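Quantities reported herein were computed from a predicted structural model and do not represent experimental measurements. Indexing begins at 1, ligand by ligand and atom by atom, following the structure's order.
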Amino acid sequence: MTERGQLWHGRFEGGPSEALQALNDSLPFDRRMFREDIAGSRAHVRMLCDVGLLTEPERDGVLAALDAVETEIADGAFAVVESDEDIHTAVERRVTELEPAGAKMHTGRSRNDQVATDLRLWTRGALDEIVDLVVRVQRTLLAQAEAAGDAYLPGYTHLQQAQPVALAHHLLAHGWALQRDVERLREARARTNVSALGAGALAGSSLPLDPAQTAASLGFDAVFDNSLDAVADRDFVAESLFTLALLGVHLSRVGEEMILWASTEFGFVELDDGFSTGSSMMPQKKNPDIAELARGKAGRLVGHLTGFLTTLKGLPLTYNKDMQEDKEPLFDAVDTVRLTLLALDGMLATTTFRTDAMAAQADSPYAAATDLAEWLVGRGMPFRQAHAVVGEQVRAALAGEGTLADLVAAHPDLGADAAALLTPGVSVTRRTTHGGGSPVAVAAQLERFRATLG
Ligand code: ARG
């Protein structure tokens with residue numbers, strides 16, 4: 001028998017095949033949960049002592065060995081042996097080498113409740129970290145919105161110029177989307193922060209365990225209600241993947257706009273050299289790679305979500321080895337979102353907004369057409385009729401019958417007061433309603449956004 005047989009040696013005659021080990025082993029990727037695994041074992045060992053399953057000297061010996069193993073792994077001094085199938089078996093094997101009472105560490109515990117607990121601890125920390133990074137991007141958007149003052153640009157629908165809006169309004173639109181991500185991340189964290197420890201392999205234990213104690217000592221808000229569900233549930237992984245995927249989709253939309261705005265055709269932004277790349281062949285190029293990668297990474301994040309949901313679909317209760325497929329997509333999603341947020345934040349913080357180019361586009365008289373129609377409504381004309389009157393002037397101007405301003409000034413229902421709405425910089429000031437795009441309305445919105453960020 002190989003050393004590998006140790007873990008479940010009783011009923012096996014031969015050791016595992018190489019092919020099984022290569023497919024089955026998760027240590028290469030789950031070792032990054034070593035701190036969580038050791039924290040879970042500390043809580044478990046203390047509880048075992050409190051309920052009389054470990055003596056105090058045994059507990060202290062195992063705790064000291066857990067400390068030593070944590071240091072070994074953190075220092076890169078941990079020597080993996082062939083039998084180390086995953087982080088749980090590796091830690092237990094080494095603890096037991098250092099302290100014979102380590103053989104009691106797995107009392108009343110299975111890797112099934114252990115891995116669910118470890119991954120919940122890891123996910124909780126990761127979600128907290130991502131929240132902090134999203135808030136950082138929100139603060140950058142806020143700072144740029146504040147710096148934008150009364151600058152304005154065309155707002156778009158169908159990527160066609162629609163109505164002018166304050167630049168701050170546009171930037172804050174992304175800030176609010178990120179706020180919903182923050183809320184979702186926090187809600188996902190709340191459902192993640194439930195202990196599975198004490199569920200055993202699937203059915204609980206005949207030993208006098210105290211799951212509430214281990215839950216409390218690990219900082220969980222609650223303990224599982226059903227042992228079968230505790231070891232079978234990976235909703236917190238799926239939910240985290242969804243939340244990260246939607247966050248990634250939001251970042252892809254920011255990225256896409258920065259790509260457009262940085263183009264020669266738009267010329268709305270100048271990216272900082274430190275956050276742009278050049279071309280190996282074309283000397284004039286300055287490329288928005290960060291924004292493109294923000295756009296591209298969203299595909300990978302959506303892939304992790306759909307892949308993992310497909311893994312879970314149809315799995316019978318309770319633990320199945322398929323579920324070991326939870327970690328790599330989750331780890332990669334967190335790593336991907338972390339890198340994207342950091343780079344995008346730097347890019348946004350250093351971007352120069354070409355407000356002259358924005359205003360030049362937004363001052364197209366056609367962008368004020370809705371203001372003309374609303375001006376007529378203010379004088380009692382039904383909106384449908386007003387829409388038709390202005391639409392006729394737009395048609396005539398486009399047909400070369402005169403400038404829109406001249407046509408409006410000469411129109412019996414419109415005239416000079418209406419034509420004044422076409423003066424550059426006027427249209428953007430008109431939409432002063434709650435949450436609207438004028439600088440006055442945006443000032444109130446900035447207050448709300450600041451208060452939301454706290
Ligand atoms: N490495 C495993 C995983 O990540 C740990 C749980 C193994 N449980 C078992 N019954 N084989 O899912």
To the nearest 0.5 Å, tell me how far Asp150 CG sits from Thr429 OG1. 10.0 Å
Measure from every N or O atom of ligand 1 to the protein's N or O atoms and keep only the pairs below 3.5 Å, writing each with atom names and distance to 0.1 Å.
unit_1: ligand 1; atom_1: 1 (N); unit_2: Ser26; atom_2: OG; d: 3.1
unit_1: ligand 1; atom_1: 1 (N); unit_2: Asp86; atom_2: OD2; d: 2.9
unit_1: ligand 1; atom_1: 1 (N); unit_2: Gln324; atom_2: OE1; d: 2.7
unit_1: ligand 1; atom_1: 4 (O); unit_2: Lys327; atom_2: NZ; d: 2.5
unit_1: ligand 1; atom_1: 8 (N); unit_2: Asn112; atom_2: OD1; d: 2.9
unit_1: ligand 1; atom_1: 10 (N); unit_2: Asn112; atom_2: OD1; d: 2.9
unit_1: ligand 1; atom_1: 12 (O); unit_2: Tyr319; atom_2: OH; d: 2.5

Flag if over 12 foreign heavy atoms under 6.0 Å of CZ, Arg338: yes
Would you tell me whether Tyr319 and Asp113 have side-chain atoms, one donor and one acceptor, within less than 3.5 Å of each other? no
If we ignore angles and hydrogens, is there a donor and acceptor under 3.5 Å between the side chains of Thr89 and Asp86? yes
Does the cation-pi check pass for Arg120 over Phe220, that is, NZ or CZ under 6.0 Å from the six-membered ring centre and within 45° of its axis? no
Please report the C-alpha distance between Leu246 and Asp181 in whole Å, then the side-chain angles of each, then the deciding distance to 0.1 Å, and finally whether the side-chain contact (heavy atoms from CB on, under 4.5 Å) criterion is met. CA-CA 8 Å; Leu246 187 53; Asp181 293 319; 4.2 Å; yes
